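Encoded as structure tokens, the structure appears first; notes follow it.
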Amino acid sequence: MAQERMQGKASAWEQAQVNESEALGAIKGSRDAGVDDLLDEIDGLLETNAEQFVKGYVQKGGQ
Amino acid sequence: MSAVVPHREGALGAPPTLPPGSRIMGTETEFGVLAPGAPSLSPTQLSAAVTTAMLDVASELGSRGAGAPWDYVHERPLEDARGFSMERADAHESQLTDEGNVLDARQIALEDGDAWAQLKEDSSILMNLVLGNGARFYVDHAHPEYSSPETTRAWDAMTWDLAGDRLAARAAQLAGQRLGTEVLLHKNNTDGKGQSYGTHENYLVPRSVPFRDLVDGLLPFFVTRQVTCGAGRVGRGRRGEVSGFQISQRADFFENTVGLETTIRRPIVNTRDEPHADDARWRRLHVIPGDANLVPTSSLVRLGSTSLVLRLIEDGLAPRITLADPVGDLSRISHDPQLGALLVADGGRRLTALDVQEAYLEAAEEHYGGSEHAEAGSITWWRRSVDALRAGDGSAARFVEWKAKQALLEGYRERGGLAWDDPKLALIDLQWADLRPGKGLAAALMVRGQVDALAREDEVELAMVTPPADTRAWTRGKTITRFPEAVVAANWDSLSLALECLPQLQRVGLPDPWAATAAQTQGMFDDGARVQELIKALRGL
């Protein structure tokens, strides 16, 4: 159960996650930067007026 | 109903029930905040609106955030780890974090009825919350800030950090509905116009380790850590005055090697020293040069590698590297995504950032490489990050945040034939960190399986409403959820509770971060449990 895992023991799930990611990486091939799908759709996600948005993005300094 | 079970302490304070390498740690995230449709609203007003909305978000989730005011009594922002204090008159006003902007801490400390009665009246706008997951959410000057609950290893710190992003995104959405204009939060560290705001990490470190050893061991590590966990940035220089891409959000904002400040003359090693635990035994290492991470593997490596390096220093096993120009190296490395920049080290040695990281990594693998170690997963991902970056083949874009951002920017640039100063690229940089569902580009890559999400969805959702079970955050969060009407104020190391039957506030100390855990408070938050029993039990710890 998740709560027990949160007590601190590294879980089998984490190890599985590591292995799975290794396998995925191998399938994808090392030259695949993996962003092509998003590049095909990105213009639909981006704010419409880039220049205006970037200019208006003003923050106060923090820590 | 059970009793409170005291624990025995291991050598470095962690209960022996936890795996070796466990350490109390947590994160602080200052979010960028913006309402493009209502420029007249100040960032402080927006931050307060988000904080106020957070109370309802927590209630909706069933965890009852509480509008309990933060108690500043134990905050000592001018205490320096090197063993002296700054004069208040010499401090920049932003350093006086113990002067609460909602209430005077001393009023609460008076334990008379007036202070909190007045506070209850003033509950329409909230500046400060304690959440049911044990976190603090508040207005830090002009930014909303999430301070995660105490956790005992990097994996959990990553999980509660992600939970904070989700909570903040929901609160911003609700605040926008109430204000009638969309409120945007960004988990980034600069506006690209000269301002920076922080993502801090905190690690509990034994006071017996000389501070000089920490500085010597940490400086080369912090200067080079950005290559494994930087978030990437479009523009170089504080205002982005030179076009191009760089590895870190924060690198251009540091001027000192060691110091107390966090808002001006920022130092690579910060000496603010408030352990929120037994002073004689602990210091809290406050780490300020890190980037805010959207990619969970980068969070894990940032937190895990740092905890491991602290352990190497504590055990006298850290590699001995002295950089000739640490402050300059910070920007030099960040401005060199090819990773070829040579740093001048002791005796004229020339090292790349990856060489320095690998020296620390090899030491960690050698001494803490066992599968039972609390940071076993962090070591795996740290190694994988270093190897992928050395290979230079693009595979790092699946799990090293700045590489993923760089791949997206380069791909977009190539398709459109854009120059680096094109506003579209600056927009991609900003929108990378947008917390709105469906808008954030880092999240979009994870949804599409193009970047490893790593964290487990059900754990993140649980962490939005549940505190870590193995630290005192358990008692803080559960008390807020179970006895919200009783909590008058809270702090990292205490709770102030009001009981119907007693005229005075009951202040309960939680000085030991490893104590007041789920195991030690069994039954105390069950149906029918009474707050009086809890107080008695906590006082007996």
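Naming convention: chains lettered A, B, ... in sequence-line order (proteins, then strands); numbering from 1 in each chain. Predicted model, so just to flag it, every value in this text is computed and none were measured.
- For A:N49, no part lies near chain B; criterion is any non-hydrogen pair under 4.5 Å.
- Residue B:N188 touches chain A through its side chain alone, counting heavy-atom pairs closer than 4.5 Å.
- Heavy atoms closer than 4.5 Å to chain A are found nowhere in B:A391, neither backbone nor side chain.
- When only modelled atom types and interatomic distance are considered, B:E459 and B:W155 share a side-chain donor-acceptor pair under 3.5 Å.
- When the side chain to side chain contact (heavy atoms under 4.5 Å, CB included) test is applied to B:E28, the partners found at least two apart in sequence or on another chain are B:E145, B:S147, B:H200, B:N202, B:R284, B:H286.
- Only the side chain of B:L184 has a heavy atom closer than 4.5 Å to any heavy atom of chain A.
- The salt bridge (charged side-chain N to carboxylate O under 4.0 Å, His left out) test applied to B:K439 returns A:E47, not counting sequence neighbours.
- B:R448 has a carboxylate O that lies under 4.0 Å from a charged side-chain N of A:E41, or vice versa, which qualifies the two as a salt bridge.
- Using a 4.5 Å cut-off between heavy atoms, B:T190 contacts chain A through its backbone alone, with no side-chain atom that close.
- With a 4.5 Å cut-off on non-hydrogen atoms, A:Q52 does not touch chain B at all.
- Taking a 6.0 Å sphere around CZ of B:R415, one finds it holds more than 12 heavy atoms contributed by other residues, nucleotides or ligands.
- Heavy-atom pairs under 4.5 Å with chain A peak, among B:V33, B:I288, B:V447, at B:V33.
- The candidate with the highest count of non-hydrogen atom pairs below 4.5 Å against chain A, out of B:E410, B:K424, B:K403, B:H143, is B:H143.
- Only the side chain of A:I42 comes within contact range of chain B, with heavy atoms under 4.5 Å apart.
- Side-chain polar atoms of B:T199 and B:N189 form a donor-acceptor pair below 3.5 angstrom.
- When ring centroids are compared, B:H141 and B:Y197 stay outside the 6.0 Å threshold.
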